[in-house]
*Asks:* 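For reference, the structure I am asking about is given below.
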Number of protein chains: 2
Amino acid sequence: MGALPDLTIRQFEYLVAVADADTWALAADRVGVSGSALSQGIAELERRLGVDLFDRDGRRRRLRTDAIPVLAHARQVLALTGDLADWAERMRTGSAGRLRLGMIDAAAIVHFGDQLRRFRAARTDVELRLRVEPSGPLLELLIAGDLDVVVCVAPPEPIPGLRTTPLLIDDVAVYAPGKTRPSSPATWGPWVLFPEGSHTRGAITRELRRLGAPIEVVAESHQPDVLREMVRLGTGWTALPRAQAEHGTGNLVEVQTLLRRELVAAVRDGTVRQPVVDDLIAAFTDAAKSTSRPSALR
Amino acid sequence: MGALPDLTIRQFEYLVAVADADTWALAADRVGVSGSALSQGIAELERRLGVDLFDRDGRRRRLRTDAIPVLAHARQVLALTGDLADWAERMRTGSAGRLRLGMIDAAAIVHFGDQLRRFRAARTDVELRLRVEPSGPLLELLIAGDLDVVVCVAPPEPIPGLRTTPLLIDDVAVYAPGKTRPSSPATWGPWVLFPEGSHTRGAITRELRRLGAPIEVVAESHQPDVLREMVRLGTGWTALPRAQAEHGTGNLVEVQTLLRRELVAAVRDGTVRQPVVDDLIAAFTDAAKSTSRPSALR
DNA sequence: TCGTTGGTGAAGCATCTCTGAACTATTCTC
DNA sequence: GAGAATAGTTCAGAGATGCTTCACCAACGA
């Protein structure tokens with residue numbers, strides 16, 4: 001194997017800055033150097049790789065599609081370096097460190113709310129910051145190194161650079177207002193669903209269509225409790241993760257399981273890890289083991 | 001998150017060189033630089049991380065045990081950079097590239113010999129280099145970036161930075177000379193086994209001991225065919241992966257399955273991948289799917 | 001057409017990193 | 001234990017690298 005090119009962290013920072021910002025000047029500003037420095041830095045990166053990374057498009061430059069692997073590499077290395085920097089920080093200060101946790105709403109509230117509260121109380125030495133978002137953004141934040149652990153819906157394909165640990169199954173089921181009797185999918189609806197564009201919404205409508213259910217949507221909300229209440233009030237039917245549907249009290253009729261949904265804990269697959277992360281994941285798996293049985297049995 | 005330290009590939013090269021070589025002078029020589037440069041380079045790395053990585057031990061320096069994560073990080077980043085360099089090479093030359101494959105003997109000969117030959121014939125554009133070693137060394141070579149794919153025994157724990165794909169089950173069974181009748185473990189032996197120190201040997205003796213079998217070893221060899229022949233000649237009993245035991249012809253009596261052994265394909269979990277690698281793994285999984293059934297059914 | 005915007009090149013300066021040599025501390029050898 | 005050999009560090013200087021400022025070019029918009 002030939003000698004490796006002497007790439008630097010800064011060059012990778014330049015690359016992702018350019019990829020993320022609309023204009024190079026903005027990117028330069030964001031990394032705190034002059035536009036010229038950025039230009040030269042990128043040129044140097046291209047020179048060392050021996051490959052052109054950008055196409056000219058008028059007076060601006062766009063990352064070539066076949067150069068996307070380099071960008072992904074840059075992101076991964078930057079994230080790993082961030083982990084290393086955190087490790088160094090922990091070594092210097094002796095602190096247990098900071099834990100940036102991302103969760104989808106159901107995980108943060110329904111499934112692991114108790115564990116979270118307990119962990120916070122038990123590990124006051126850890127600065128725990130929670131961020132609640134849908135699965136997609138969470139995974140991107142994790143890849144970019146802005147989060148340390150993420151609890152989200154299992155991605156269909158394994159994602160390079162990430163490692164997932166199964167936590168529990170929380171299937172999405174169809175729910176009807178209180179007085180409804182079971183019947184064929186063709187009679188289901190109208191619907192109260194997550195908004196168009198959400199990942200879960202997409203999966204739900206796809207599955208309903210497959211079952212031959214008519215999809216007339218009369219209301220939309222990102223908030224599961226809003227959907228639940230609307231069903232209770234008889235506004236329509238909905239499809240929700242079972243745990244969220246059953247969270248409150250009230251008369252929802254579960255019609256049938258619609259699709260399988262597995263929650264996992266995801267971390268960057270690096271060599272420098274915070275021990276706290278493993279503790280937290282262990283707490284989650286333990287909790288899931290004891291609580292998911294009933295839901296798995298129904 | 002604070003600004004990241006501007007680490008360089010070269011600094012990581014220095015670090016692993018120092019970790020791998022007996023003396024710093026030798027390490028310096030290996031990376032092609034003066035001892036002084038190496039010393040200063042490491043010092044700079046420590047300064048940028050803000051952490052001491054080495055303990056003084058007389059006039060030499062040893063990597064501190066709690067600095068091992070940094071070394072692992074360095075190795076991972078170097079391996080990823082190697083992948084990136086290969087990608088750049090492929091982009092420049094337009095070639096399909098070089099594929100450095102590692103396999104344990106059973107995989108190379110018994111399980112996937114045909115697939116290998118077929119792949120070589122079909123993809124003459126790929127420079128395929130095969131290296132046969134035990135699982136442990138193969139995985140280390142993979143981590144160090146000296147191999148691109150490895151077919152080996154599934155490691156007990158997932159290894160950071162690697163991703164495995166299950167291929168097939170090839171259990172280890174106990175075999176006796178032709179005329180032996182089934183009997184209790186206490187009467188088994190004497191044994192003809194893999195040499196002391198090998199990973200499989202360790203697992204085998206551990207399991208035999210658990211079953212209460214006496215472990216008197218009368219011959220040892222790294223070569224499964226040698227062991228097989230010795231059993232045929234009545235020298236003793238052996239424990240072998242089933243596929244290897246049955247590879248030739250002859251009168252071996254399978255006494256019982258001893259331990260589970262799963263073969264997997266392992267790759268670095270990076271963002272820059274050779275498409276050829278996926279093709280090869282696909283060929284292996286396809287082959288395993290069609291051939292492992294009979295062995296799984298017995 | 002002219003002004004504006006996005007990006008690149010050149011000169012100058014600061015910093016970094018290498019080499020070679022001098023230097024210190026430890027270990028070996030007798 | 002003296003003296004030599006060894007392991008690693010420090011220092012000074014040469015050369016490379018990277019950044020900023022300023023000048024420049026090309027594309028876009030009015």
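Values below: every heavy atom of this structure, side chains too, minus hydrogens, waters and symmetry copies. Below, chain A is the first sequence line, B the second, and so on; all start at residue 1.
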*Asks:* Inspect the contact between A/Asp52 and B/Arg92 and indicate whether a charged nitrogen and a carboxylate oxygen are less than 4.0 angstrom apart.
*Replies:* no
*Asks:* Check A/Arg131 with A/Asp146, please: is the shortest side-chain N to carboxylate O separation under 4.0 Å?
*Replies:* no
*Asks:* Quick one: does B/Ser36 reach the base of D/dC11 with a side-chain donor-acceptor pair under 3.5 Å?
*Replies:* yes
*Asks:* Should A/Asp55 and A/Arg62 count as an ion pair when the cut-off is N to O under 4.0 Å?
*Replies:* no
*Asks:* Within a radius of less than 6.0 Å around CD of A/Glu133, do more than 12 heavy atoms belonging to other residues, nucleotides or ligands occur?
*Replies:* yes
*Asks:* Residues from residues 39-54 of chain A sitting under 4.0 Å of DNA chain D, heavy atoms only?
*Replies:* A/Gln40, A/Glu44, A/Arg48
*Asks:* Quick test of your reading of the model: are B/Arg129 and B/Glu127 salt-bridged, counting only N-O distances below 4.0 Å?
*Replies:* no
*Asks:* Whether A/Asp83 and A/Arg273 form a salt bridge (side-chain N of Lys/Arg under 4.0 Å from carboxylate O of Asp/Glu) is what I want to check.
*Replies:* no
*Asks:* Take A/Arg59 and A/Arg56, find for each the nucleotide of DNA chain C with the closest heavy atom, and name the residue whose nucleotide sits nearer the 5' end.
*Replies:* A/Arg59
*Asks:* Enumerate the residues from residues 16-31 of chain A whose closest heavy atom to DNA chain D is under 4.0 Å, giving them by residue number; use none for an empty result.
*Replies:* none
*Asks:* From the 5' end of DNA chain C to its 3' end, which nucleotides mark the outer limits of contact with chain A, defined by a 4.0 Å heavy-atom distance cut-off (strictly under)?
*Replies:* C/dT5 to C/dA10
*Asks:* Could you tell me the separation between the CZ atom of B/Arg60 and the P atom of D/dT6, rounded to a whole number of Å?
*Replies:* 12 Å
*Asks:* For a quick test of reading the model, state the closest non-hydrogen atom pair linking B/Pro158 to A/Arg163 and the distance between them.
*Replies:* CB-NH1, 2.9 Å
*Asks:* Specify the separation, in whole Å, of atom CZ of B/Arg62 and atom P of D/dA7.
*Replies:* 14 Å
*Asks:* Please report the C-alpha distance between B/Trp24 and B/Tyr14 in whole Å, then the side-chain angles of each, then the deciding distance to 0.1 Å, and finally whether the ring pair (Phe, Tyr, Trp, His ring centres under 6.0 Å) criterion is met.
*Replies:* CA-CA 9 Å; B/Trp24 286 42; B/Tyr14 288 178; 9.9 Å; no
*Asks:* Test A/Asp86 against A/Arg98 for salt bridge (charged side-chain N to carboxylate O under 4.0 Å, His left out), laying out the working first.
*Replies:* CA-CA 8 Å; A/Asp86 285 351; A/Arg98 153 202 67 163; 2.7 Å; yes
*Asks:* Charged N to carboxylate O below 4.0 Å: is that the case for A/Arg61 and A/Glu46?
*Replies:* yes
*Asks:* Take A/Gly35 and A/Asp57, find for each the nucleotide of DNA chain D with the closest heavy atom, and name the residue whose nucleotide sits nearer the 5' end.
*Replies:* A/Gly35
*Asks:* In terms of the nearest nucleotide of DNA chain D, which residue is placed more toward the 5' end: A/Thr8 or A/Gly58?
*Replies:* A/Thr8
*Asks:* Between A/Arg60 and A/Asp22, does any NZ, NE, NH1 or NH2 come within less than 4.0 Å of an OD or OE carboxylate oxygen?
*Replies:* no
